[in-house]
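Per chain, numbering begins at 1; letters A, B, ... match sequence-line order.
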Amino acid sequence: MAANNKVRVRFAPSPTGQLHIGNVRTALFNWLFAQQKGGAFILRIEDTDVERSEARYETQLIEDMKWLGIDWDEGPDLGGPYPPYRQSDKMRVYREYAERLIKEGKAYYCFCPAEELEREREQALKEQRQPIYSGKCRNLDLAEAERRRASGEAAAIRLKIPEHPIRFHDIVRGDVEFSHEVVSDPIIIRSSGMPIYNYVVVIDDADMKITHVIRGDDHISNTPKQVAVYEALGLPVPEFAHLSTILGPDGGRLSKRHGATSVANFREMGILPEALMNYLALLGWAPSGGDREIFPKDELIKEFSLERVTPSPAVFDTEKLYWLNRHYIKQSSPERIHQLGAEMLQRAGLVPASVNGNVSGWVGSVVDLLAPYVDKLDQLTEKAKIIFDGNASAALAVPENAEVFANEKARAVAQAFAKRVAAGQALTAERFKAIMDEIKAETGAKGKDLFHPVRIMLIGSHSGPDFNKLIPLIEDGSKLELPTHVKSVRERAEEFLAAMG
RNA sequence: GUCCCCGUCGUCUAGCCCGGCCUAGGACAUCGCCCUUUCACGGCGGUAACACGGGUUCAAAUCCCGUCGGGGACGCCA
């Protein structure tokens, strides 16, 4: 009994583009459900659309899922007990089932030309009627139909929708009912002989013994047709769970015009996979109590339940994702963040592609210094400008900065500072502090009046990391061989003074 | 147009199924204060929602009806 009742769910993407965030969320909910129930999670590639499917998208899809931390028990790469996991080779099976349906009188040949159908459809729409198929070929005599086919007339195959309401259960939405009067007899095999999605998906799910179909709610209106296929074929109807749509900030479906929408996008931005997973899980699902936000993978598996999935659509909130990302960056081991951060700096060409021990230690410190300031790791390159850039006239050109130096005292501080660091001796944090004390005594400047000018002089902004960490880092960096020379404190001070005039 | 789904702070949501414990809780964002030689982090606090209208009931965010609003589907696409 246990074996037969084992939960089996699947994620069935078409490899026609980058893995969309809405789709991974569907994959994630399937996966979470399977993990929690001790069931199987199956990856099936829907590549019947030969025109748009590409192998490289399949490869990337697999990579993205693995990066996120989702794995599967059966799939095109792993195999499994119910192959194939790509739809390609099953054409024969689909046709055999269709022939059986015809013999049993549950399906029929339809000779209506596509153009005529299209005309009827438009007409119905214009008259504000439900645009469903007229049923013209529904009661054609089978022998007659066979004869016409034999004489070369093209025919599609349609399923007869039974004349009673179609009901199904949806875990998220409860019982759903459609009147048979609003659903057309669906074409299941094109006149070209190629089967149609709504038909194929049922056979695949049934063949793979799928127990719960968890998918996007754009499929909800397809479901009655699919239920009709199950019933015509005498196959057990699975449980359904239709997940709400993910919206962009303007309330429309999340799409490219809203910015990042694919897993690959987020990965490149330096979003940690556990942050994305945590965020996505909370989009449309919440634990009872609803007062916890941080859910590592294992907690998610423990707490997740389909019954608690929200039926209403959810707006994707980048800020909250960032908040979680910051959290997970703080939680991560320094080594991991060093590695990821170094990759970002390498990509920007700030540090060499391969670093030796000396440089790598320094790069690690740079990342440590800057990581607490970022939402996502790719911001490291922007933040690193304070180390790598040091452009004095650009700093002075910023109105905010210029304002600081409009004050005579600020200029005095800058001059006093430059004079003292010119002396050539290594500038440690201690020495820096001593210098600042001297300047304080000499100029009478203190607090912001003292520190802002110096900060602007060194990093081009009056705010930034603690000097005690920053100074040694700049000094150490200036001694290293890097693609972009890191200017020492002395160099910075001199250039700034020159620019100040 | 027809059908289906959805409707709690700006956003994600708890509460709704099993009315009273809800003067509606948490989180992100936002605002203020504290910490700090700066900024950020962190700590503390504030602003902010039951779409609307009827009904049922001693009592409704919770149940019923209607309206409005948003989304989706109606295909020889998936």
### Residues forming a side chain to side chain donor-acceptor pair (under 3.5 Å) with E442(A), sequence neighbours excluded
R420(A)

List the atom pairs, donor and acceptor, that lie under 3.5 Å between side-chain atoms in residues 154-166 of chain A and the rest of the protein, sequence neighbours left out.
unit_1  : atom_1 : unit_2  : atom_2 : d
R158(A) : NH1    : D185(A) : O      : 2.7
K160(A) : NZ     : G105(A) : O      : 3.3
E163(A) : OE2    : R138(A) : NH1    : 3.2

### Query
Do F304(A) and F295(A) have ring centres separated by under 6.0 Å?
no

Which protein N or O atoms sit under 3.5 Å from an N or O of nucleotides 76-78 of chain B?
unit_1 : atom_1 : unit_2  : atom_2 : d
C76(B) : O2     : S191(A) : N      : 3.0
C76(B) : O2     : S191(A) : OG     : 2.9
C76(B) : N3     : S191(A) : OG     : 2.9
C76(B) : N4     : C112(A) : O      : 2.9
C77(B) : OP2    : R190(A) : NE     : 2.3
C77(B) : OP2    : R190(A) : NH2    : 2.4
C77(B) : O3'    : R190(A) : NH2    : 3.1
A78(B) : OP1    : R190(A) : NH2    : 3.0
A78(B) : OP2    : Y197(A) : N      : 3.0
A78(B) : O2'    : S14(A)  : OG     : 3.0
A78(B) : N6     : N222(A) : OD1    : 3.3
A78(B) : N6     : N222(A) : ND2    : 2.8
A78(B) : N1     : N222(A) : ND2    : 3.3

### Query
Who pairs with Y109(A) by ring-ring contact (aromatic ring centres under 6.0 Å, His included), at least two apart in sequence or on another chain?
none

### Task
Name the nucleic acid region contacted by Y373(A), choosing base, sugar-phosphate or nothing; use a 4.0 angstrom heavy-atom cut-off, strictly under.
base

### Query
With sequence neighbours excluded, what pairs up with E116(A) under the salt bridge (charged side-chain N to carboxylate O under 4.0 Å, His left out) test?
K136(A)

### Message
Closest approach to the side chain of K330(A), judged atom by atom: which nucleotide of C41(B), G1(B), C4(B) is it?
### Response
C41(B)

### Message
Under 3.5 Å for both donor-acceptor distances, Watson-Crick or wobble: does C22(B) have a partner, and if so which one?
### Response
none

### Message
Heavy atoms only, 4.0 Å cut-off, all strands: where does H462(A) land among base, sugar-phosphate and nothing?
### Response
base

### Task
Between K225(A) and V172(A), name the one whose nearest nucleotide on RNA chain B is closer to the 5' end.
V172(A)

### Message
Can you tell me the base-pairing partner of A27(B)? Count Watson-Crick or G-U wobble geometry only, both distances below 3.5 Å, and say none if there is no partner.
### Response
U11(B)

Grab the N/O contacts between the protein and nucleotides 63-69 of chain B below 3.5 Å, and write none if there aren't any.
none

#### Entry: Partners meeting ring-ring contact (aromatic ring centres under 6.0 Å, His included) with Y373(A) (sequence neighbours left out)
none

## Note on the structure
Contact string for nucleotides 11-30 of chain B, one letter per nucleotide 5' to 3', B = base within protein heavy-atom range under 4.0 Å, S = sugar-phosphate only, - = neither, reads SBSSS---------BBBBS-

### Query
By side chain to side chain donor-acceptor pair (under 3.5 Å), which residues pair with E46(A), not counting sequence neighbours?
R44(A), Q87(A)

### Task
Would you mind listing every side chain to side chain donor-acceptor pair (under 3.5 Å) that reaches into residues 309-322 of chain A, with sequence neighbours excluded?
E293(A)-K320(A)

### Summary
Applying ring-ring contact (aromatic ring centres under 6.0 Å, His included) to Y94(A) and not counting sequence neighbours gives none

### Task
Remember a base hit wins even if backbone is also touched, and classify G464(A) as base, sugar-phosphate or nothing at under 4.0 Å, heavy atoms.
base

### Message
For a quick check of understanding: with a heavy-atom distance under 4.0 Å over all strands, which category does K126(A) fall into, base, sugar-phosphate or nothing?
### Response
nothing

Validation: residues 219-230 of chain A side-chain donor-acceptor distances under 3.5 Å, sequence neighbours left out:
unit_1  : atom_1 : unit_2  : atom_2 : d
T223(A) : OG1    : R215(A) : NH1    : 3.3
T223(A) : OG1    : H219(A) : O      : 2.9
T223(A) : OG1    : I220(A) : O      : 3.2
T223(A) : OG1    : H242(A) : NE2    : 3.3
Q226(A) : OE1    : R215(A) : NH2    : 2.5

### Query
Say you pick atom P in A73(B) and the same atom in C64(B); how far apart are they, in whole Å?
28 Å

